[in-house]
Amino acid sequence: MSPKKNARVGKRPASSGDGETERAGGKRKAAASDETGENKESSKSSASPQHCHWLMKSEPESRFENGIDVKFGIEDLKALPNQTSCWDGVRNYQARNFMRQMKEGQLAFFYHSNCKEPGIAGIMKIVKEAYVDHTQFDKKDVHYDATSKPANPKWSMVDVQYQRMMKRFVPLSELKKYHLQHRAKGGPLKDMVLFTRARLSVQPLTAEEFDFVLSLEDKQPL
DNA sequence: GCCAACGTTGGC
DNA sequence: GCCAACGTTGGC
């Protein structure tokens with residue numbers, strides 16, 4: 001349940017971007033490539049830029065979607081056996097493509113969204129690389145996708161394992177202050193995807209962004 | 001392929 | 001609860 005449950009998080013069909021979407025690159029036919037989505041981006045070599053750090057959003061407070069509670073906060077992840085969960089329910093091509101780029105062992109921030117205090121709650125590790133998200137075929141699931149066929153699944157998920165809580169919760173409001181400051185005068189958060197593409201539920205961070213956010217743990221709240 | 005209408009995300 | 005931003009859909 002993870003993000004799956006969180007509704008918005010993964011779930012939506014919102015983005016587009018990359019992969020299959022057609023319009024995105026102008027190529028609508030993306031279809032062909034889409035599956036991976038990744039291929040396309042790199043026409044030249046083979047790999048995409050290749051990110052190593054991530055931020056994944058989920059909703060820590062109860063919210064009902066089709067009668068199902070989509071709540072899934074970091075405490076919920078921590079409480080699972082092995083503190084591990086699949087991150088299902090992502091229904092956005094760009095977010096999906098980022099998940100497909102994830103490698104075992106990489107770290108991701110667990111971000112709490114659509115709640116009283118949005119922000120970064122803790123850290124998790126990617127413990128299983130992208131595989132088929134079975135919830136897309138489950139009519140009972142909030143994120144069922146009637147347009148996806150088992151012979152050619154559209155959606156993927158990864159498994160994540162809880163690592164630790166942040167030493168202190170790092171609120172969105174604080175990150176935003178740094179972002180604005182850095183945008184004006186330069187600094188590691190000047191192009192943070194959390195602000196440049198606010199609705200994306202799975203997003204990459206540069207090493208500099210990741211390290212800067214970590215450094216905030218030991219600083220006084222701005 | 002364009003674009004208006006519509007739906008969703010998610011901060012506030 | 002509101003609503004701005006933005007992604008998706010579907011007519012043409």
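Every chain is numbered from 1, with letters handed out A, B, ... down the list of sequences.
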By the 4.0 Å heavy-atom rule, please label A:Lys176 as base, sugar-phosphate, or nothing.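 Touches sugar-phosphate only.
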A:Phe195 near the nucleic acid: base, sugar-phosphate alone, or nothing, with a heavy-atom cut-off under 4.0 Å?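 If one applies the 4.0 Å heavy-atom cut-off, A:Phe195 turns out to touch nothing in the nucleic acid.
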Centroid-centroid under 6.0 Å between A:Tyr131 and A:Trp155 rings: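 Ring centroids of A:Tyr131 and A:Trp155 are no less than 6.0 Å from each other.
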Expressed as a whole number of angstroms, how long is the span from [X]:[atom1] to [N]:[atom2]?
X        : N      : atom1 : atom2 : value
A:Arg199 : B:dG11 : CZ    : C1'   : 12 Å
A:Lys116 : B:dG10 : NZ    : P     : 18 Å
A:Leu172 : B:dC12 : CG    : C1'   : 10 Å
A:Glu61  : B:dC12 : CD    : C1'   : 13 Å
A:Glu65  : B:dG7  : CD    : P     : 15 Å
A:Asn114 : B:dG10 : CG    : P     : 7 Å
A:Asn66  : B:dT8  : CG    : C1'   : 13 Å
A:Glu117 : B:dG11 : CD    : P     : 11 Å

Check ring pair (Phe, Tyr, Trp, His ring centres under 6.0 Å) between A:Phe195 and all other residues, then give those that pass, not counting sequence neighbours.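 A:Phe195: ring pair (Phe, Tyr, Trp, His ring centres under 6.0 Å) contacts with A:His179.
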Any A:Lys57 side-chain N or O less than 4.0 Å from OP1/OP2 of B:dG10: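 So the side chain of A:Lys57 is within the cut-off, an N or O lying under 4.0 Å from OP1 or OP2 of B:dG10.
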So does A:Tyr111 get a side-chain nitrogen or oxygen closer than 4.0 Å to the phosphate oxygens (OP1/OP2) of B:dG11?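 A:Tyr111 to B:dG11 OP1/OP2: side-chain N or O found under 4.0 Å.
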Do side-chain atoms of A:Lys190 reach the backbone of A:Ala184 as a donor and acceptor pair under 3.5 angstrom?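 Looks like no, no N/O pair under 3.5 Å.
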Return the set of residues passing salt bridge (charged side-chain N to carboxylate O under 4.0 Å, His left out) with A:Lys167 (not counting sequence neighbours), or none when no residue passes.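 Listed in chain order: A:Asp218.
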